[in-house]
Amino acid sequence: MLQLDTQLSLADALGPRGVTQLQLDSLAPALGAAVEKIEAQHQSGALGFLDLPTREASIVAALELGQELRARFENAVVLGIGGSSLGARALASGLLHPFSALLPPGQRAGAQLFFPDNADASTFLGLLDVIDVEKTVFLAVTKSGGTAETWAQLLTLNHRLGAERMRQQVVAVTDENAGALRAVVNAQHWKSLPVPREIGGRFSVFTPVGLLPAAAAGIDCRALLKGAAHMAQRCRSTRMEENPAAQLVAVLFSQHRHLGRSGNVLMPYADALREFADWYVQLWGESLGKGDAGPTPIRAVGATDQHSLLQLLMEGPDDKTTIFIAEEKPRRDLKIPAGFEAQSDVAFLSGHTFHALLTTEQRSTAAALAQRGRPSIRITVDELTPSSLGELMMLWQAATALAAQMYGVNAFDQPGVELSKKYTCGALGRPGYEAFVL
Ligand code: PA5
């Protein structure tokens, strides 16, 4: 079970630069009310993210189609961006072999996933250069059905493949009724799965948006959803001591509001969570970045960023809280062999494991930050598995919704993003967007 340790954020550890129990207690009533409000929104059907791991019909549809694609195709290319890509990317990098694209197809759990994401022709053409397009399914994922980057890729494929191959090789994940992609799906009889109306992109990883690519790649989605459901249950509790999202938000919000620390650095000590940290940046930033409320999400990876960002965290402005994620047990480990014994500067490493080195570095970084009065939180997972990644992803979604209540902003819209999309449409000549000139 996922554990949260906030000790190194508190006044007991940091003195006047730590959060006091009194400050945390003062937030408890507002946090309890926020949990209740989110629950009421779920009951009324206005919100849905906490319920997603138990929506059987949608889950079965995604898993069955994923299994079919896994049997038919060697590759699955996700055409999607932002919330329509980052969740599946986090699942892929979190749970698949780190170099699965280089494994022979027979040794992979399923289809090889690719995420060209951007309207960058070098990436898209580069991908088409190296994959066997005949053996590839293209998952066109867009909630709105009208995102420019996704359509640029889809139109290119349509031009190259023609209508019949598009029908065979494209699966759409989009709104059930609205949007340009749904209209094309209906007209062209493409396979498709719906994105629930009330679920926005960055909260959609447990819908077909995340589940279809994951199932196509052979990820154990049932275990993922089990972990997510377990965490959703914990995060519905109005008792602070039982609710990890409330505990996390209490400390981060207090660090911000009482001590002026508006930066939230997520620093997993596992390469597999690098893309999870990217997903977090979008979730936290796009949901909370409104008005002058928003904390700034920052992505780091330990120990790599000890050789990069850590100097800023240690001795730059004291305006950030670092959240570490550590694994108790690594999926693979390696004992560092003996050698070059005369070199005492490095000989001490022999006999320790890579994992011991990494976890010691995490604890050392936390200790060094604390020594300078800088706060950190540690989230520990027993082992990085589909279930624990499900827990982590649900924890951060619940924390985001709660934090939005505390900051008094709507977590589920993104007016700034939409405005930028409108300027793009205006500049590129979309009818109806003439007012948006650059
Ligand atoms: O989280 C969000 O809502 C956004 O990041 C969207 O996912 C992103 O803009 C892509 O939108 P769409 O899924 O409509 O293509």
Side-chain angles (χ1 to χ4, degrees), residues 46-49 52 58 62 77-92 115-120 124 138-157 170-185 190 192-214 275-290 294 297 299 393-394 396-401 403-404 409-425 428 430 433 436:
L47 274 190
F49 72 92
L52 289 173
S58 162
V77 175
V78 176
L79 309 179
I81 196 163
S84 288
S85 160
L86 287 160
R89 285 185 91 120
L91 297 178
F115 299 90
D117 262 30
N118 207 355
D120 186 322
F124 195 53
F138 295 90
L139 308 178
V141 186
T142 161
K143 164 90 193 280
S144 64
T147 296
E149 297 87 346
T150 306
W151 268 106
Q153 296 170 342
L154 209 42
L155 287 164
T156 305
L157 282 177
V170 175
V171 175
V173 180
T174 190
D175 189 275
E176 189 151 23
N177 303 303
L181 184 56
R182 178 54 63 188
V184 170
V185 164
W190 291 354
S192 73
L193 290 173
V195 185
R197 175 56 58 90
E198 72 283 7
I199 304 292
R202 53 196 179 275
F203 289 85
S204 68
V205 66
F206 301 125
T207 74
V209 170
L211 296 180
L212 181 63
E275 309 246 1
F276 170 78
D278 280 340
W279 172 84
Y280 147 81
V281 165
Q282 190 225 12
L283 179 70
W284 204 243
E286 207 167 84
S287 301
L288 304 179
K290 286 145 200 175
R299 184 202 85 164
M393 294 185 103
M394 186 56 89
W396 278 100
Q397 289 177 71
T400 302
V409 299
N410 179 359
F412 306 101
D413 68 359
Q414 53 285 325
V417 174
E418 277 153 21
L419 186 58
S420 129
K421 287 183 184 177
K422 286 177 185 162
Y423 274 111
T424 303
C425 292
L428 296 180
R430 179 173 170 184
Y433 288 78
F436 296 94

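A quick note: this is a predicted structure, and the numbers were derived from the prediction, not measured. Whatever order the structure lists ligands and atoms in, that order sets their numbers, starting from 1.
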Nearest protein heavy-atom contact for atom 5 (O) of ligand 1: which residue, which atom, what distance?
Gln282 NE2, 2.6 Å

Which residue holds the protein heavy atom closest to atom 6 (C) of ligand 1, what is that atom called, and what is the gap in Å?
Gly83 N, 3.8 Å

Among all protein heavy atoms, pick the one closest to atom 4 (C) of ligand 1 and tell me residue, atom and distance.
Glu286 OE1, 3.2 Å

Nearest non-hydrogen atom to atom 9 (O) of ligand 1 belongs to which of Glu149, Arg202, Lys421?
Lys421

Please lay out, stage by stage, how Glu418 and Gln414 fare under the test side chain to side chain donor-acceptor pair (under 3.5 Å).
CA-CA 6 Å; Glu418 277 153 21; Gln414 53 285 325; 2.9 Å; yes

For atom 14 (O) of ligand 1, what is the closest protein heavy atom, and at what distance to 0.1 Å?
Ser144 OG, 2.6 Å

Just wondering, do Met394 and Leu52 contact through their side chains at under 4.5 Å, heavy atoms?
no

Is it true that Lys143 and Asp175 make a salt bridge, defined as a side-chain N closer than 4.0 Å to a carboxylate O?
no

Aromatic contact, Phe203 with Phe412 (centres under 6.0 Å):
yes

How close does the nearest protein non-hydrogen atom get to atom 12 (P) of ligand 1, and which residue and atom is it?
Thr147 OG1, 3.2 Å

Residues passing the side chain to side chain donor-acceptor pair (under 3.5 Å) test with Ser287, sequence neighbours excluded, are Arg202

Check contact between Ile81 and ligand 1, using heavy atoms of the residue and a distance below 4.0 angstrom.
yes

Atoms of ligand 1 less than 4.0 Å from Ser84 heavy atoms?
7 (O), 12 (P), 13 (O)

Can you name the side chain to side chain donor-acceptor pair (under 3.5 Å) partners of Arg182, sequence neighbours left out?
Ser192

